[in-house]
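Quick note on labels: first sequence line is chain A, next is B, and so on, each numbered from 1.
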Protein chains: 2
Amino acid sequence: MIKGTEQKIKDAALTVFIQKGFANCTSREIAREAGMNVALVNYYFRSKSKLFAIIFESVMQDFLKSMVQVFCSELPFREKIRLLIEREFEFLVQHPDIPNFVLNELARNPKAIEGILPVLHMVNESGVFDEAKKLQASGEMRSMDIVQVTLLIMSNCQYPFMAGPLMKVIHGVDETTYTAHLNAHKTHAVSMVLGYLFPNDQIPNNA
Amino acid sequence: MIKGTEQKIKDAALTVFIQKGFANCTSREIAREAGMNVALVNYYFRSKSKLFAIIFESVMQDFLKSMVQVFCSELPFREKIRLLIEREFEFLVQHPDIPNFVLNELARNPKAIEGILPVLHMVNESGVFDEAKKLQASGEMRSMDIVQVTLLIMSNCQYPFMAGPLMKVIHGVDETTYTAHLNAHKTHAVSMVLGYLFPNDQIPNNA
DNA sequence: AGTTGAATTAAACAATTGTTTAACTTTTTA
DNA sequence: TAAAAAGTTAAACAATTGTTTAATTCAACT
């Protein structure tokens with residue numbers, strides 16, 4: 001498969017932006033990564049900012065895509081949670097730098113978030129929030145705001161990847177070992193979150 | 001209390017660096033924030049990098065200080081966990097941008113971490129890890145690697161603050177409402193983590 | 001008062017930045 | 001095949017950057 005120039009630039013920009021952030025990289029760096037002249041980058045995308053906006057939005061799509069897919073599925077609620085966490089881990093193993101990238105750019109430039117509003121709309125439309133509220137009304141699920149349910153899940157998925165560099169130093173482990181820990185953490189995240197959300201469920205106790 | 005010039009620069013640098021990151025701010029911006037000329041910043045700290053190194057290390061100290069204090073205390077283990085989470089939340093309410101700042105700079109410049117090695121040594125010396133292993137050997141505590149215990153705690157404390165901008169948009173809530181959610185989340189974090197680490201403890205079920 | 005040294009500033013410096021221009025090459029097309 | 005368009009490049013541009021210089025103000029000391 002031959003990649004056109006435009007796609008080469010996008011790929012290079014994705015790599016460089018995610019690795020260094022918008023402010024911490026230069027147009028020439030992107031051009032070099034793509035194997036071409038600086039002017040070509042602007043020829044195709046007019047400016048560094050415009051290129052960034054495009055890359056950022058596409059990253060956000062990937063970032064939220066699997067979440068939306070699971071939410072819109074027909075699985076029972078507990079399975080949605082489980083699958084959501086597992087998919088999130090699968091995604092993050094491949095793209096461990098994305099949460100850091102997204103949250104950081106969002107904190108420094110709040111209006112960058114506008115591009116994801118359509119995707120968020122899909123989440124709301126999926127009815128998954130209503131589903132949770134019904135389970136809470138029936139007493140099956142622990143009653144807590146949906147915001148905090150979201151926080152529980154995303155915290156335990158994304159933070160372990162974001163904190164990789166810090167954790168490796170704190171515990172003195174290398175990349176490979178830490179990856180193994182991440183894998184084990186996925187299992188814990190699933191059973192801890194499900195166990196907390198559904199305190200009456202019989203959970204297998206491996207202790 | 002009158003602040004000397006050097007301290008004024010440090011304060012300004014702290015504000016600006018945390019808000020925008022190292023690469024995303026200028027020396028002149030720091031000088032302006034401190035109400036003085038650019039040259040004065042370099043007169044006191046020789047370069048932007050050296051100033052940053054000083055600020056970063058002091059932030060890391062604050063970031064880890066309360067953790068070390070709790071670890072080195074004489075409290076029973078469960079109380080250490082509870083207090084650790086509560087102190088962490090107290091700290092993060094006041095400095096919500098610090099986790100993002102620290103993890104981001106760490107990801108982009110791994111050698112920046114060297115300054116915290118002494119503090120980490122204190123954590124190891126505190127014997128809190130051995131304490132956990134004993135509780136695990138007795139079957140009282142769920143057996144899992146200490147790395148994952150750390151991850152469970154830090155994920156549920158830090159991520160909710162880091163993801164503030166994203167969460168506010170996802171759920172369409174304002175700053176005040178989100179702060180209330182953070183407060184509620186603290187309670188959940190404590191009981192969820194303790195409940196998972198000590199599955200045989202009787203936990204009050206408010207559901 | 002006058003001298004010394006630190007504190008502070010405006011101005012300049014060289015390097016790098018995002019962006020544009022103008023020339024050159026390749027591809028399309030009529 | 002020749003003209004037109006698109007693709008690509010080297011070079012230049014103006015703005016901004018971190019840093020330094022040289023001059024000025026300020027405070028302390030004799």
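One can place CG of A/Asn24 at 13 Å from C1' of C/dT17, the figure rounded to the nearest angstrom.
A/Glu6 places no side-chain N or O within 3.5 Å of a backbone atom of A/Tyr44 that could act as its donor or acceptor partner. A donor-acceptor distance shorter than 3.5 angstrom exists from the side chain of B/Arg142 to the backbone of B/Tyr196, with no hydrogens or angles considered. Using a distance-only test at 3.5 Å, with no hydrogens or angles considered, no donor-acceptor pair links the side chain of B/Lys48 to the main chain of B/Val41. With A/Gln136 contributing its side chain and A/Met144 its backbone, the two residues share a donor-acceptor pair below 3.5 Å.
Here B/Arg82 pairs with B/Glu79 in a salt bridge; the nearest charged N to carboxylate O distance falls below 4.0 Å. Note on B/Glu175 versus B/Lys168: salt bridge recorded, some NZ/NE/NH1/NH2 to OD/OE distance being below 4.0 Å.
Of the residues in residues 40-60 of chain A, those with a non-hydrogen atom less than 4.0 angstrom from any atom of DNA chain D are A/Leu40, A/Tyr43, A/Tyr44. Residues of residues 25-37 of chain B having a heavy atom closer than 4.0 Å to DNA chain C, listed by number: B/Arg28, B/Met36, B/Asn37.
Residues forming a side chain to side chain contact (heavy atoms under 4.5 Å, CB included) with B/Ala132 (at least two apart in sequence, or on another chain): B/Phe77, B/Met141, B/Ile146.
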*Output, in order, the C-alpha distance, side-chain angles, deciding distance and verdict of ring-ring contact (aromatic ring centres under 6.0 Å, His included) for A/Phe17 and A/Phe101.*
CA-CA 8 Å; A/Phe17 278 143; A/Phe101 169 73; 7.3 Å; no
